[in-house]
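Numbers restart at 1 for each chain; the letters A, B, ... are given by sequence-line order, proteins then strands.
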Amino acid sequence: MGAVTDEQVELVRALIIGVPVGRVTTYGDVAAAAGLSSARIVGWVLRIDGSDLPWHRVLPASGRPASHLHTEQLERLRAEGVLAVDGKVDLRTLRHQF
DNA sequence: CCCCTGACGCTAA
DNA sequence: GTTAGCGCCAGGG
(Lines give C-alpha, C1' and ligand atoms only; values in the text may rest on other atoms or scores of the structure.)
Protein backbone atom coordinates (compact mmCIF):
# COMPACT_ATOMS: atom_id res chain seq x y z
CA MET A 1 0.00 0.00 0.00
CA GLY A 2 1.68 3.18 -1.06
CA ALA A 3 -0.97 5.36 -2.55
CA VAL A 4 -2.71 7.90 -0.38
CA THR A 5 -6.44 7.71 -1.04
CA ASP A 6 -8.79 10.66 -1.21
CA GLU A 7 -10.67 9.19 1.72
CA GLN A 8 -7.55 9.26 3.83
CA VAL A 9 -6.95 12.88 2.92
CA GLU A 10 -10.55 13.73 3.80
CA LEU A 11 -10.17 11.83 7.04
CA VAL A 12 -7.07 13.81 7.90
CA ARG A 13 -9.00 17.03 7.36
CA ALA A 14 -11.98 15.79 9.38
CA LEU A 15 -9.78 14.65 12.25
CA ILE A 16 -8.03 17.99 12.44
CA ILE A 17 -11.34 19.82 12.38
CA GLY A 18 -12.39 17.60 15.28
CA VAL A 19 -9.64 18.80 17.59
CA PRO A 20 -11.32 20.99 20.23
CA VAL A 21 -10.31 24.56 20.93
CA GLY A 22 -7.71 24.63 23.65
CA ARG A 23 -6.38 21.18 22.79
CA VAL A 24 -3.75 20.08 20.26
CA THR A 25 -2.69 16.98 18.36
CA THR A 26 0.43 15.79 16.56
CA TYR A 27 1.25 14.90 12.96
CA GLY A 28 1.94 11.36 14.05
CA ASP A 29 -1.36 10.94 15.86
CA VAL A 30 -3.34 12.23 12.91
CA ALA A 31 -1.41 9.96 10.56
CA ALA A 32 -2.09 6.92 12.74
CA ALA A 33 -5.79 7.75 13.11
CA ALA A 34 -6.10 8.21 9.35
CA GLY A 35 -4.28 4.98 8.60
CA LEU A 36 -1.30 6.68 6.98
CA SER A 37 2.14 5.12 7.13
CA SER A 38 3.96 8.39 7.48
CA ALA A 39 3.43 11.57 9.47
CA ARG A 40 4.97 13.46 6.56
CA ILE A 41 1.77 12.94 4.61
CA VAL A 42 -0.13 14.97 7.17
CA GLY A 43 2.40 17.75 6.80
CA TRP A 44 1.98 17.50 3.07
CA VAL A 45 -1.82 17.84 3.31
CA LEU A 46 -1.54 20.94 5.48
CA ARG A 47 1.14 22.51 3.32
CA ILE A 48 -0.82 21.97 0.11
CA ASP A 49 -4.28 22.96 1.32
CA GLY A 50 -4.57 23.51 5.02
CA SER A 51 -5.44 27.20 5.09
CA ASP A 52 -9.09 26.43 5.81
CA LEU A 53 -8.30 24.13 8.71
CA PRO A 54 -7.29 24.76 12.34
CA TRP A 55 -3.75 23.73 11.34
CA HIS A 56 -2.22 25.53 14.31
CA ARG A 57 -3.56 22.75 16.58
CA VAL A 58 -1.28 20.25 14.86
CA LEU A 59 2.21 20.08 16.30
CA PRO A 60 5.28 17.90 15.84
CA ALA A 61 5.71 15.22 18.53
CA SER A 62 8.35 17.44 20.12
CA GLY A 63 5.75 20.05 21.00
CA ARG A 64 7.79 22.63 19.14
CA PRO A 65 6.42 24.08 15.86
CA ALA A 66 8.58 23.97 12.74
CA SER A 67 10.76 27.08 12.65
CA HIS A 68 9.01 28.80 9.74
CA LEU A 69 5.70 28.58 11.64
CA HIS A 70 7.01 29.13 15.11
CA THR A 71 5.74 32.69 15.60
CA GLU A 72 2.33 32.44 13.98
CA GLN A 73 1.40 29.04 15.34
CA LEU A 74 2.27 29.88 18.93
CA GLU A 75 0.41 33.16 18.61
CA ARG A 76 -2.75 31.44 17.37
CA LEU A 77 -2.53 28.87 20.12
CA ARG A 78 -1.99 31.54 22.71
CA ALA A 79 -5.19 33.21 21.51
CA GLU A 80 -7.04 29.98 22.35
CA GLY A 81 -5.49 29.65 25.76
CA VAL A 82 -2.77 27.17 24.80
CA LEU A 83 0.40 28.43 26.41
CA ALA A 84 3.95 27.50 25.46
CA VAL A 85 6.98 27.43 27.70
CA ASP A 86 10.18 28.29 25.87
CA GLY A 87 8.40 27.91 22.55
CA LYS A 88 7.31 24.42 23.48
CA VAL A 89 3.76 23.17 24.16
CA ASP A 90 3.24 20.54 26.86
CA LEU A 91 1.70 17.65 24.92
CA ARG A 92 1.35 15.54 28.03
CA THR A 93 -1.54 17.66 29.19
CA LEU A 94 -2.90 19.27 26.02
CA ARG A 95 -2.78 16.40 23.55
CA HIS A 96 -6.20 15.44 22.16
CA GLN A 97 -7.14 11.75 22.22
CA PHE A 98 -8.86 10.51 19.07
C1' DC B 1 14.91 7.46 -13.90
C1' DC B 2 17.71 10.02 -10.36
C1' DC B 3 18.05 13.74 -6.98
C1' DC B 4 16.33 16.99 -3.77
C1' DT B 5 13.20 19.09 -0.62
C1' DG B 6 10.02 19.06 3.09
C1' DA B 7 4.39 21.99 8.33
C1' DC B 8 7.65 14.28 10.57
C1' DG B 9 9.32 10.58 14.11
C1' DC B 10 12.28 7.43 16.39
C1' DT B 11 16.69 5.79 18.15
C1' DA B 12 21.42 6.19 19.37
C1' DA B 13 25.34 8.61 20.89
C1' DG C 1 20.13 19.37 26.63
C1' DT C 2 22.21 18.37 21.70
C1' DT C 3 23.27 16.31 16.87
C1' DA C 4 23.26 12.54 13.35
C1' DG C 5 21.25 8.98 10.89
C1' DC C 6 17.58 6.43 8.97
C1' DG C 7 12.79 5.41 7.57
C1' DC C 8 8.98 7.45 5.71
C1' DC C 9 6.30 9.38 1.21
C1' DA C 10 4.39 13.07 -2.21
C1' DG C 11 5.98 16.48 -5.74
C1' DG C 12 9.04 19.04 -8.53
C1' DG C 13 13.16 19.63 -11.49
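Using a 4.0 Å heavy-atom distance criterion, Val58(A) is classed as making no nucleic acid contact. Base engagement by Leu46(A) is indicated by at least one non-hydrogen atom pair under 4.0 Å involving a base atom.
Distances from the side chain of Ser37(A) to the nucleotides dG6(B), dC8(C), dC10(B) place dC8(C) closest. For His68(A), the listed nucleotide lying nearest its side chain is dA7(B); candidates were dC10(B), dA10(C), dA7(B). Across dG9(B), dC9(C), dG6(B), the shortest atom-to-atom separation from the side chain of Arg47(A) is found for dG6(B). Comparing atom distances between the Ala61(A) side chain and each of dC9(C), dA7(B), dC10(B) picks out dC10(B) as nearest.
One interatomic measurement links the two molecules: CZ of Arg64(A) to P of dA7(B), which rounds to 16 Å at whole-angstrom precision. Whole-Å rounding puts the Tyr27(A) OH to dC9(C) P distance at 18 Å. The separation between Leu15(A) atom CG and dA7(B) atom P is 21 Å, rounded to whole Å. We find that CD1 of Ile41(A) is positioned 11 Å from C1' of dG11(C), with the value rounded to whole Å. For Leu36(A) and dA10(C), the CG to P distance is 9 Å, given to the nearest whole Å. Atom CG in Asp86(A) sits about 9 Å away from atom P in dG1(C), given to the nearest Å. Residue Leu74(A) contributes atom CG, which lies 16 Å from atom P of dA7(B) at whole-angstrom precision.
For the pair Asp86(A) (side chain) and Lys88(A) (backbone), a donor-acceptor distance under 3.5 Å is absent.
By the 4.0 Å N-to-carboxylate-O rule, Arg76(A) lies too far from Glu80(A) to be salt-bridged with it.
By the criterion of side-chain heavy atoms lying less than 4.5 angstrom apart, applied directly or through intervening Ile, Leu, Val, Met, Phe, Trp or Tyr residues, Leu94(A) is not grouped with Leu69(A); the two fall into different hydrophobic clusters. Under the 4.5 Å side-chain heavy-atom criterion for Ile, Leu, Val, Met, Phe, Trp and Tyr, Val19(A) and Leu59(A) are members of distinct hydrophobic clusters.
Rounded to a whole angstrom, the distance from the P atom of dC6(C) to that of dA7(B) is 22 Å. Only the C1' atoms considered, dG12(C) is 14 Å distant from dC1(B), to the nearest whole Å.
Checking each of Val58(A), Leu77(A), Val89(A), Leu74(A) against Pro65(A) for a side-chain contact (heavy atoms from CB on, under 4.5 Å) leaves exactly one that passes, namely Leu74(A).
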